[in-house]
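Working notes, structure below.
Below, read A as the first sequence line, B as the second, and so on, with proteins coming before strands; counting in each chain starts at 1. Remember, predicted model here, so these are calculated numbers, not experimental data. Atom set for the values below is all heavy atoms of this structure, side chains included, hydrogens, waters and symmetry mates excluded.
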2 protein chains.
Amino acid sequence: MSERVVPPAARRRRRPTKHGVVLSEELIVDTALRLIEEHGADALSVRRLGRALGADPSSLYRYFRHTDDLMLAIADELIGRTLRTWRPTGDWRADLRDLGLRMHAGALAHPRAAVLSSYRVTGREYEIQAVETVLGVLREAGFPDAEAVRIYHAFVDQALAHGALDSASAAMPKAAREAEAAVWRATYARLPADTHPHIAATARHLVADMARSSYPAALELLLGASAGRLAEIRSRSGHPTATPDSSAKAVP
Amino acid sequence: MSERVVPPAARRRRRPTKHGVVLSEELIVDTALRLIEEHGADALSVRRLGRALGADPSSLYRYFRHTDDLMLAIADELIGRTLRTWRPTGDWRADLRDLGLRMHAGALAHPRAAVLSSYRVTGREYEIQAVETVLGVLREAGFPDAEAVRIYHAFVDQALAHGALDSASAAMPKAAREAEAAVWRATYARLPADTHPHIAATARHLVADMARSSYPAALELLLGASAGRLAEIRSRSGHPTATPDSSAKAVP
DNA sequence: ACCTGAACACCGTTCAAGT
DNA sequence: ACCTGAACACCGTTCAAGT
């Protein structure tokens with residue numbers, strides 16, 4: 001793992017490329033996001049990105065070890081953008097709902113970054129900020145530490161998993177996406193009741209429902225279940241004898 | 001969309017390849033699954049599959065229009081394998097739990113097929129069978145049609161989304177996977193309490209919890225909420241005046 | 001110090017030619 | 001009828017050479 005990436009201190013000394021562009025991590029990430037926005041998720045390759053920057057593709061390896069590192073930097077920038085315009089209201093349930101829907105929308109806007117970052121930890125600035133923020137909302141709502149982490153995990157995985165699912169679907173070529181919808185109408189909605197009674201009975205609902213994302217409903221389910229837990233916790237702890245870290249001891 | 005795929009009737013006339021192998025859709029799918037199992041998700045390419053079959057890569061295009069079609073055939077075969085050993089018990093909640101966990105496990109065993117098929121509809125034999133089966137479990141439990149479809153959608157998306165998430169993570173090279181876990185221990189667990197109080201307070205829980213899948217918990221949440229709905233529905237319909245399709249009329 | 005250009009080892013897909 | 005081989009238009013990544 002030898003250092004091939006430019007150490008931050010040395011970056012000031014950089015030289016313009018052939019076409020007069022001065023490269024930087026920020027410029028590369030922004031250009032990559034623009035490329036995804038304008039030409040779809042598949043437009044992002046080291047070679048195309050180099051072309052868009054007016055630089056040789058190989059010059060990017062001075063800023064990112066692999067394409068993977070670049071994608072994580074993009075993912076972190078997306079988290080940053082999602083968080084920057086978000087304001088907490090003090091109502092934990094409304095705050096989490098808002099955050100979840102923003103994360104989901106952010107994923108849909110940048111499908112490829114969303115799919116890659118959904119199962120990755122970046123350990124970068126904005127991701128850390130997001131973790132701190134969500135945990136803060138839960139702990140200040142009154143969830144004990146272990147419970148706050150469990151709900152944080154479920155909440156984040158749900159947003160990322162559905163975000164990746166829905167954005168992978170949205171990133172398909174238009175023709176293919178229409179072909180998918182047609183499968184429900186042309187194949188499922190036409191199965192005879194004698195061989196497939198349950199599909200035949202519910203075909204109308206299937207065609208309508210499967211065209212929508214199941215994320216909003218899944219999010220409400222999670223928030224509802226969490227509210228139930230919180231009510232339980234509050235009613236049980238009439239005596240606030242528990243020290244802040246007492247719940248930690250219960251973990252194996 | 002000209003027919004380049006061999007019509008089923010003509011397949012009997014096929015000729016062995018150079019190395020004496022007789023190609024077929026089944027053989028190709030099985031070989032692809034073996035390749036994924038033995039050499040990881042990235043080992044699957046048209047060229048490698050051709051090599052594994054002892055045939056020219058281009059010959060595969062007689063059986064599948066694109067790599068995509070091949071992946072859908074693989075996905076359907078996986079659905080079939082998941083269903084083949086499953087037996088309903090009559091307890092809808094236990095049945096769905098079992099099915100969900102099997103789908104999740106199946107995804108983990110074949111990450112690449114899982115990631116691709118998670119957002120696709122195959123419209124093939126086993127997928128149709130699976131839809132019919134899950135809808136049957138829900139309708140026979142007493143859920144009205146519209147509700148059964150909503151729960152079916154949430155259940156399937158959840159299994160597929162978490163399956164894709166967890167299997168993408170599992171498919172990472174071992175070194176990368178270990179580096180990910182290290183981020184929680186080395187970065188998050190060392191943030192100072194004055195700048196990141198919530199992370200610092202819950203670091204122990206984060207390290208432990210984030211290493212596990214959140215799917216089992218998410219599944220229980222869904223089953224619990226569904227059971228709640230069913231209880232509501234049952235208590236309200238003391239008078240079974242509703243005709244079988246009465247719920248359909250309530251949909252916009 | 002930073003960027004370039006050539007090279008390496010791959011991809012998916014098409015199509016005329018072989019058997 | 002089915003498979004092959006060559007070709008096309010791409011990939012990510014490395015490294016010696018240029019400025």
Open item on the list: By the 4.0 Å heavy-atom rule, please label B/Thr67 as base, sugar-phosphate, or nothing.
Closed with: sugar-phosphate
TODO: Identify, with sequence neighbours excluded, every residue that meets side chain to side chain contact (heavy atoms under 4.5 Å, CB included) alongside B/Leu101.
DONE: B/Arg97, B/Tyr215, B/Leu219
Task: Rounded distance in Å - CG (B/Leu60) to P (C/dC11) - done: 13 Å
Task: Nucleotide C/dT13, atom P - distance to OH of B/Tyr61 in whole Å - done: 4 Å
Task: Non-neighbouring partners of B/Arg34 that pass salt bridge (charged side-chain N to carboxylate O under 4.0 Å, His left out), sequence neighbours left out - done: B/Glu38
Open item on the list: List the residues meeting salt bridge (charged side-chain N to carboxylate O under 4.0 Å, His left out) with B/Arg102, not counting sequence neighbours, and say none if there are none.
Closed with: B/Asp98
Open item on the list: Taking A/Ser213's backbone N and O only, do any of them form a donor-acceptor pair with A/Asp166's side chain (distance below 3.5 Å, no angle check)?
Closed with: no
Open item on the list: So, OP1 or OP2 of D/dC3: does either fall under 4.0 Å of a side-chain N or O from B/Tyr63?
Closed with: yes
Open item on the list: Quick check against the 3.5 Å criterion: does A/Glu132 have a side-chain atom that pairs as donor or acceptor with the backbone of B/Ile199?
Closed with: yes
Task: Rounded distance (Å) that lies between atom C1' of C/dT13 and atom CZ of B/Arg62 - done: 14 Å
Task: Distance (rounded to the nearest 0.5 Å) between A/Thr202 OG1 and B/Leu135 CG - done: 4.5 Å
TODO: Provide the distance between the two C1' atoms, one in C/dA7 and one in D/dC11, to the nearest whole Å.
DONE: 14 Å
Please list each protein N or O that sits under 3.5 Å from an N or O in nucleotides 7-10 of chain D, with the distance.
none

- [ ] Sticking with atom P, work out how far C/dA9 lies from D/dC10, rounded to a whole angstrom.
- [x] 22 Å
Task: Stems where DNA chain D pairs, listed by first number, each of three or more Watson-Crick or G-U pairs under 3.5 Å - done: C:4-8 with D:12-16, C:12-16 with D:4-8
Task: Atom pair distance, as rounded to whole Å: CG in B/Leu49 and P in C/dT13 - done: 12 Å
Open item on the list: Between C1' on C/dC2 and CZ on A/Phe64, what's the gap in Å once rounded to a whole number?
Closed with: 16 Å
Task: Between C/dT14 (P) and B/Arg65 (CZ): distance, integer Å - done: 11 Å
- [ ] Find the distance A/Asp56:CG to D/dT14:P and express it as a whole number of Å.
- [x] 14 Å
Open item on the list: Check this for me: does any side-chain nitrogen of one of A/Asp30 and A/Arg81 sit under 4.0 Å from a carboxylate oxygen of the other?
Closed with: yes
Open item on the list: Rounded to whole Å, please give me the gap between CG in A/Leu23 and P in C/dT4.
Closed with: 8 Å
Task: Test side-chain contact (heavy atoms from CB on, under 4.5 Å) applied to B/His110 and B/Glu37, step by step - done: CA-CA 7 Å; B/His110 296 279; B/Glu37 258 153 27; 2.8 Å; yes
TODO: Return each pair, listed once, that meets ring-ring contact (aromatic ring centres under 6.0 Å, His included) where at least one residue sits in residues 22-57 of chain A; pairs must be two or more places apart or across chains.
DONE: none
Task: Distance between C1' atoms of C/dC3 and D/dA16 (Å, rounded) - done: 13 Å
